[in-house]
Amino acid sequence: MSFTQEKETNLHNLPDGTICDGCDKHCKLGFHHFAALSVSKRTEKLCCPTIDGQPIKRYKGKNGEIFDATQKYYDFTIYDIRYAKERINELAQKIVKYCDHYKQR
């Protein structure tokens with residue numbers, strides 16, 4: 001019972017942290033980085049949140065609107081990487097509340 005949005009049943013709120021408590025699965029929220037070719041055929045460094053180890057590059061928000069969850073990043077210092085991971089974690093906290101299995105308490 002990992003992150004899904006097939007039923008679109010939860011579009012609610014989430015606590016802070018790196019573990020979801022919206023259901024009994026307690027999915028871990030994380031960070032995934034990867035490279036992709038841009039339209040101009042240049043390699044771009046991208047990152048996106050993960051939920052239960054699954055990279056979330058796009059997600060559905062309220063009313064089924066589709067959002068891009070990927071963010072560009074460059075050669076960061078250690079401080080910048082920590083900041084990027086915090087931003088991605090905040091995005092994961094926002095996304096996870098739309099999971100079909102997420103329940104309000």
Side-chain angles (χ1 to χ4, degrees):
M1 181 169 31
S2 303
F3 178 84
T4 68
Q5 290 189 312
E6 294 169 11
K7 296 178 186 176
E8 299 183 15
T9 54
N10 284 299
L11 303 177
H12 310 296
N13 253 342
L14 166 81
D16 291 344
T18 58
I19 304 261
C20 175
D21 70 349
C23 75
D24 294 337
K25 175 75 174 161
H26 300 291
C27 292
K28 181 174 168 112
L29 309 180
F31 179 88
H32 173 69
H33 53 88
F34 58 100
L37 287 176
S38 67
V39 176
S40 62
K41 299 190 181 195
R42 299 180 79 180
T43 302
E44 293 183 328
K45 294 179 182 179
L46 303 170
C47 57
C48 67
T50 61
I51 300 173
D52 196 30
Q54 176 184 348
I56 307 297
K57 295 180 181 177
R58 290 188 189 94
Y59 68 96
K60 293 179 187 175
K62 291 187 179 187
N63 302 317
E65 188 176 359
I66 297 175
F67 294 95
D68 186 2
T70 60
Q71 296 182 11
K72 291 182 188 179
Y73 73 94
Y74 303 95
D75 294 323
F76 288 144
T77 65
I78 291 172
Y79 174 78
D80 292 329
I81 290 170
R82 185 175 59 213
Y83 178 70
K85 286 183 177 182
E86 288 173 5
R87 283 194 338 254
I88 289 293
N89 185 55
E90 289 171 4
L91 181 57
Q93 291 174 8
K94 177 181 175 182
I95 294 170
V96 77
K97 67 185 175 183
Y98 298 122
C99 177
D100 292 337
H101 306 291
Y102 187 84
K103 300 172 188 162
Q104 284 235 331
R105 294 178 185 237

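Just so it is clear, the model here is predicted, and its values are computed rather than measured. Nothing fancy with the numbering, it's 1 onward along the sequence.
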Compare every heavy atom of Ala35 with every heavy atom of Thr43, then report the nearest pair and how far apart it is. CG2-CB, 3.8 Å
Shared ILVMFWY cluster between Phe31 and Ile56, side chains joined below 4.5 angstrom? no
Flag side-chain contact, heavy atom, 4.5 Å: Leu91 against Gln71: yes
If every non-hydrogen atom of Gly30 is compared with every non-hydrogen atom of Ile88, which pair is closest and at what distance? O-CG2, 3.7 Å
Taking the inter-plane angle between the rings of Phe34 and His32 on a 0 to 90° scale, is it parallel (under 30°), tilted (30 to 60°) or perpendicular (over 60°)? parallel
Should Leu29 and Phe3 be regarded as members of a common hydrophobic cluster, given that ILVMFWY residues are connected when their side-chain heavy atoms come within less than 4.5 Å of each other, either directly or indirectly? yes
Distance col, row Asp52:CG vs Lys28:NZ, nearest 0.5 angstrom, shows 11.0 Å
Residues in side chain to side chain donor-acceptor pair (under 3.5 Å) contact with Glu90, at least two apart in sequence or another chain: none
Nearest-0.5 Å distance that lies between atom SG in Cys20 and atom NZ in Lys25: 11.5 Å
Within a strict 4.5 Å, meaning less than it, do heavy atoms of the Ile95 and Pro49 side chains meet? yes
Criterion side-chain contact (heavy atoms from CB on, under 4.5 Å) against His101, the qualifying member of Asp24, Thr4, Val96: Thr4
At what distance, to the nearest 0.5 angstrom, does OG1 of Thr70 lie from NZ of Lys45? 16.0 Å
State, to 0.1 Å, how close His26 and Ile19 come at their nearest heavy-atom pair, and which atoms those are. O-CG2, 3.6 Å
Among pairs that include at least one residue of residues 41-65, which meet ring-ring contact (aromatic ring centres under 6.0 Å, His included), considering only residues two or more places apart or in two chains? Tyr59-Phe67
Backbone N/O of Glu65 and side chain of Asn63: donor-acceptor pair under 3.5 Å: no
